[in-house]
**Q** 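I have a structure here, written as structure tokens, and I will follow up with some questions on it.
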Amino acid sequence: TLPYGEELHGSLGCRRDGVEAFPSRAGVYELYFREGSMYISVLDDYGNEIEVENGLDNYNIVIDTENGRITILPRPITIVTESADKVYDGTPLSAVGYRVYTKRLDENGMEIEDVGLVYGDDLKVNIASWNSITDFGSLKNSFDYRLPDEENYVLQEEIFGTLTVK
């Protein structure tokens, strides 16, 4: 136990399958304190850090750490396509917009929509596969796509809009 006003700091490292990794994809990672990263800081009465001469050498302490694990689960996503309608004019109707989101609880326990895909990931969309309708009627606005990383995402729901020609 350190005296009041003193704190122990250290830098965590992360490995996956024995290789240094940043935990950004689904999987199990080992957490550990990086060698030589631990230091003691002393705070004055106002909460300001005071430089400690010789750092850990001033202390007769033994630091026992236990490595841990962190598991990142695949992100559940929902894919939603747009709806559109028009009066019959003999030309095709299509709506090529979509959005991807995930549901999460906010600090009040209310369900909200959040960013669906990890930064840098995109759906692989087959543009030619978008549905369109020319004659009277309605059609589900679906399209063919591939998730960017099958292990990192789980499709929770597809909500396809409707194309309607009146």
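For reference, positions follow the sequence shown, starting with 1.
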**Q** Do Ile79 and Val96 sit in the same hydrophobic cluster, where Ile, Leu, Val, Met, Phe, Trp and Tyr count as joined when their side-chain heavy atoms come under 4.5 Å apart?
**A** yes
**Q** Please round to the nearest 0.5 Å and tell me the distance separating atom CD of Glu30 and atom SG of Cys14.
**A** 8.5 Å
**Q** Taking only residues two or more places apart in sequence, or in another chain, which ones meet Thr102 in a side chain to side chain donor-acceptor pair (under 3.5 Å)?
**A** none
**Q** Verify side chain to side chain donor-acceptor pair (under 3.5 Å) between Thr164 and Ser138, making sure each step is shown before the conclusion.
**A** CA-CA 4 Å; Thr164 303; Ser138 293; 3.1 Å; yes
**Q** Drop me the distance from Phe160's CZ to Tyr98's OH, to the nearest 0.5 angstrom.
**A** 12.5 Å
**Q** For Asn141 and Ser83, indicate whether the former's side chain and the latter's backbone hold a donor-acceptor pair under 3.5 Å.
**A** no
**Q** Run the side chain to side chain contact (heavy atoms under 4.5 Å, CB included) test on Ile77 and Leu147 for me, step by step, so that the C-alpha distance in whole Å, both residues' side-chain angles and the decisive distance to 0.1 Å come before the verdict.
**A** CA-CA 10 Å; Ile77 59 170; Leu147 295 174; 3.5 Å; yes
**Q** Clusters formed by hydrophobic residues whose side-chain heavy atoms approach within less than 4.5 Å: which one holds Phe136, and what are its other members?
**A** Tyr88, Leu93, Ile133, Leu139, Leu163, Val165
**Q** Does this structure show an ion pair linking Glu158 with Lys140, if we count only N-O contacts that are shorter than 4.0 Å?
**A** no
**Q** My understanding is that only residues two or more places apart in sequence, or in another chain, count here; which of them pass side chain to side chain contact (heavy atoms under 4.5 Å, CB included) with Ser132?
**A** Pro92, Ser94
**Q** Could you report the tightest heavy-atom contact between Val125 and Phe143, atom names first, then the distance?
**A** CG1-CD1, 3.7 Å
**Q** So, taking the atom named OG1 in Thr81 and the one named CD1 in Ile159, what distance separates them when rounded to the nearest 0.5 Å?
**A** 9.0 Å
**Q** For residues Val118 and Val28: do they belong to one hydrophobic cluster (side chain heavy atoms under 4.5 Å, members Ile, Leu, Val, Met, Phe, Trp, Tyr)?
**A** no
**Q** Which residues pass the ring-ring contact (aromatic ring centres under 6.0 Å, His included) test with Tyr153, sequence neighbours left out?
**A** none
**Q** Check the surroundings of atom CD in Glu157: do more than 12 heavy atoms from other residues, nucleotides or ligands lie under 6.0 Å from it?
**A** yes
**Q** Would a hydrophobic clustering, with Ile, Leu, Val, Met, Phe, Trp and Tyr connected at side-chain separations under 4.5 Å, put Leu155 with Val80?
**A** no
**Q** Just to verify, what does Asn131 make a side chain to side chain donor-acceptor pair (under 3.5 Å) with, not counting sequence neighbours?
**A** Ser142
**Q** Please tabulate, one pair per line, all N/O donor-acceptor pairs under 3.5 Å involving side-chain atoms of residues 108-116, not counting sequence neighbours.
**A**
residue	atom	partner	partner atom	Å
Glu113	OE1	Arg99	NH1	2.6
Asp114	OD2	Arg104	NE	2.5

